[in-house]
Amino acid sequence: MHQREAGPGMAWPGYWTPIGGRREADESARESAVREVREEAGIEITGLRPLPGPRHDLDLPLTRALHAVWTGPEGDLRLGDEGLAVRMVPFDEVLDLKVPPYMHHYLPLLAAATAEQPDQPTGRNS
């Protein structure tokens, strides 16, 4: 999870959100997600897959929500040049944080989908 700063035009200032951002040039959604995680948390992710639906009513039409499992140590995380903090948070503790309303929609879908995928590597979800 990434704690967002309060900058001009910043969505959800002070909230904890999954790492994300806008696509650059002709990036695919997957390429953008890999770049954003590298920039904001200093780690490399692979095995991205679409977040299970249905989509949240407030999502923008071009928003793509993806999920990856990362198996590295939390000590490898390092805050990039955006935000106040970055950390791994267990599923059952995410909603205890100050999170945007869409997290209350997506987290149960993600937890259910992850439980249904026994072939996924064990690790931390991002």
- Query: Sub-3.5 Å donor-acceptor pair from the side chain of Arg49 to the main-chain atoms of Leu66, do we have one?
  - Reply: no
- Query: Under the side chain to side chain contact (heavy atoms under 4.5 Å, CB included) test, which residues partner Gln3, sequence neighbours left out?
  - Reply: Trp16, Leu84, Ala85
- Task: List the atom of Glu82, the atom of Glu5, and the distance in Å for their closest heavy-atom pair.
- Result: C-OE1, 3.2 Å
- Task: State which residues pass side chain to side chain donor-acceptor pair (under 3.5 Å) with Glu24; sequence neighbours excluded, sorted by chain then number.
- Result: Arg35
- Note on the structure: Heavy-atom closest pair (Glu74 atom, Met88 atom, distance to 0.1 Å) is OE2-N, 3.2 Å
- Message: Quick check: do Pro100 and Arg4 have side-chain heavy atoms less than 4.5 Å from each other?
- Response: no
- If you look at every heavy atom in Ala33 and Ile45, which pair is closest and at what distance? O-CD1, 4.2 Å
- Query: Should Arg78 and Ile43 count as side-chain neighbours, where that means a heavy-atom distance under 4.5 Å?
  - Reply: no
- Query: How many angstroms lie between atom NE2 of His2 and atom CG of Leu79, to the nearest 0.5 angstrom?
  - Reply: 5.5 Å
- Check whether Phe91 and Leu97 end up in the same hydrophobic cluster, where Ile, Leu, Val, Met, Phe, Trp and Tyr are linked by side-chain heavy atoms less than 4.5 Å apart. yes
- Query: So do the side chains of Leu48 and His67 get within less than 4.5 Å of each other, counting heavy atoms only?
  - Reply: no
- Message: Within the 4.5 Å heavy-atom criterion, are Pro18 and Tyr102 side-chain neighbours or not?
- Response: yes
- Message: Using side-chain heavy atoms (C-beta onward) and a distance below 4.5 Å, is Leu77 in contact with Trp70?
- Response: yes
- Task: Would you check if the side chain of Glu39 reaches a backbone N or O of Glu36 as a donor-acceptor pair within less than 3.5 Å?
- Result: no
- Contacts of Glu44 that satisfy salt bridge (charged side-chain N to carboxylate O under 4.0 Å, His left out) - sequence neighbours left out: Arg38
- Query: Who passes side chain to side chain contact (heavy atoms under 4.5 Å, CB included) against Leu95, sequence neighbours left out?
  - Reply: Val99, Met103, His104, Leu107
- Heavy atoms of Ser32 and Gly21 approach each other most closely as OG-O, 4.1 Å
- Query: What residues form a side chain to side chain contact (heavy atoms under 4.5 Å, CB included) with Pro8, not counting sequence neighbours?
  - Reply: none
